[in-house]
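Sequence lines set the chain letters: A, B, ... in the order given, protein chains first and strands last, and positions in each chain run from 1. Since we're looking at a predicted model, the values are computed, not measured.
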2 protein chains.
Amino acid sequence: MSNAKALPLLEREPAAEVAVPCCPPLTERPLTADEAERTAGMFKALGDPVRLRLFSLVASHEGGEACVCDISDVGVSQPTVSHHLKKLREAGLLTSERRGTWVYYRVEPSVVAAMGQMLKIAG
Amino acid sequence: MSNAKALPLLEREPAAEVAVPCCPPLTERPLTADEAERTAGMFKALGDPVRLRLFSLVASHEGGEACVCDISDVGVSQPTVSHHLKKLREAGLLTSERRGTWVYYRVEPSVVAAMGQMLKIAG
DNA sequence: CACCTGTATCGACAGACGTCAACATAGACA
DNA sequence: TGTCTATGTTGACGTCTGTCGATACAGGTG
């Protein structure tokens, strides 16, 4: 599926150690220490205002993806934007792909869905 | 009895500045800087493994509430537990009430629902 | 009253984190 | 090849944060 083997930005890291289907709704049962350790990273990634804006810029961008150049205007320097996008990638919330000169980011729906699942109240 | 005016723990802070109904799904439109600033605090609160466990312990506890004594076994000291519960309170995710000797925490459903709403994918 | 238990606060410390300027790298194009 | 633009990486800096022991406060019980 998808990448045969040549996606530098995608392949560099083992993707998301946080991975996809993790935990039941938080109301269902207490998380184990291990589950909490892995899952907290996803929430932490959205716990910074700049990252939250970057994420919403990607998520709401037409076509479901955005070039870095489209979303860089969030009030911090370019290296800082790059740093935050990396954090969002490492958390599994975004994926990136270089196409020619530009790098495009898109939301990883399964991870976001997993987060939403955990916040489901009184299932 | 139901204290007429002496609820130190509850009254001390203006509850959640984060408040309740904030933002549309992150896929709908980019957050403003101000929205992101206020909203990131909620995700940040769940971005720590210990806090995430404490939250799930409260959320999944029978009766919808839990005494601190019920949830203190998360591997950190009692002051640290108290510190984290305060953070969750300040973020608006939990409320607390002292009843006699014990203090009970419960989930603030509206705030959690707001977070879930933001994570809704593709409206 | 004194004493005990449950919970919050204080003060200190180490480590994590956000930020930037400087530099490095990758493509496009001449 | 060289140069230009877009993006990532490095190193440094100050601030925030998680943690603990010591202490304070609240309420129950004797």
**OP:** Please tell me if the side chains of Val58(A) and Leu26(B) come closer than 4.5 Å, counting only heavy atoms from C-beta onward.
**Re:**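 No - every pair of side-chain heavy atoms lies 4.5 Å or more apart.
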Subject >> Degree of bending, the helix from dC1(C)-dG30(D) to dA30(C)-dT1(D) (end axes from five pairs; round to 10°) >> reply: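 One end axis against the other gives 20°.
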Would you kindly give the [atom1]-to-[atom2] distance between [X] and [N], to the nearest whole Å?
| X | N | atom1 | atom2 | answer |
| --- | --- | --- | --- | --- |
| Glu97(B) | dA8(C) | CD | C1' | 17 Å |
| Arg99(B) | dG6(C) | CZ | C1' | 15 Å |
| Arg98(A) | dT9(D) | CZ | P | 11 Å |
| Arg53(B) | dG18(D) | CZ | P | 16 Å |
| Lys86(A) | dC20(C) | NZ | P | 17 Å |
| Glu90(B) | dT9(C) | CD | P | 9 Å |
| His83(B) | dT19(D) | NE2 | P | 8 Å |
| Lys87(B) | dA8(C) | NZ | P | 15 Å |

**OP:** Show the numbers, then the answer: is there a side-chain hydrogen bond (donor to acceptor under 3.5 Å, both in side chains) between Glu108(B) and Ser110(B)?
**Re:** CA-CA 6 Å; Glu108(B) 182 60 52; Ser110(B) 56; 3.2 Å; yes
Original post:
Quick one: on DNA chain C, does Pro79(B) or Thr80(A) contact a more 5' nucleotide (nearest heavy atom)?
Top reply: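 Nearest nucleotide further toward 5': that of Pro79(B).
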Subject >> Residue whose nearest DNA chain C nucleotide is more 5′ - Lys44(A) or Leu85(B) >> reply: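 Residue closer to the 5' terminus by nearest nucleotide: Leu85(B).
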Under the 3.5 angstrom rule, does the side chain of [X] hit a backbone N or O of [Y] as a donor-acceptor pair?
| X | Y | result |
| --- | --- | --- |
| Ser56(B) | Arg53(B) | yes |
| Ser82(A) | Gln78(A) | no |
| Arg51(B) | Leu46(B) | no |

**OP:** For dA8(C), take OP1 and OP2 only and decide whether either is under 4.0 Å from a side-chain N or O of Tyr105(B).
**Re:**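 So the side chain of Tyr105(B) is within the cut-off, an N or O lying under 4.0 Å from OP1 or OP2 of dA8(C).
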[X] near the nucleic acid: base, sugar-phosphate alone, or nothing, with a heavy-atom cut-off under 4.0 Å?
| X | answer |
| --- | --- |
| Thr101(B) | sugar-phosphate |
| His84(B) | sugar-phosphate |
| Arg51(A) | sugar-phosphate |

Original post:
Is a donor-acceptor contact shorter than 3.5 angstrom present between the side chain of Gln78(B) and the base of dG6(C)?
Top reply: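 Looking at the base of dG6(C), it does not pair with any donor or acceptor on the side chain of Gln78(B) (distance under 3.5 Å).
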Subject >> Counterpart residues, salt bridge (Lys or Arg N to Asp or Glu O under 4.0 Å), relative to Asp73(A) (two or more places apart) >> reply: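 Expected list: none.
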**OP:** Taking salt bridge (Lys or Arg N to Asp or Glu O under 4.0 Å) as the test, write out the residues that go with Glu35(B), two or more places apart.
**Re:**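 For Glu35(B), the residues satisfying salt bridge (Lys or Arg N to Asp or Glu O under 4.0 Å) (neighbours in sequence not counted) are Arg29(B).
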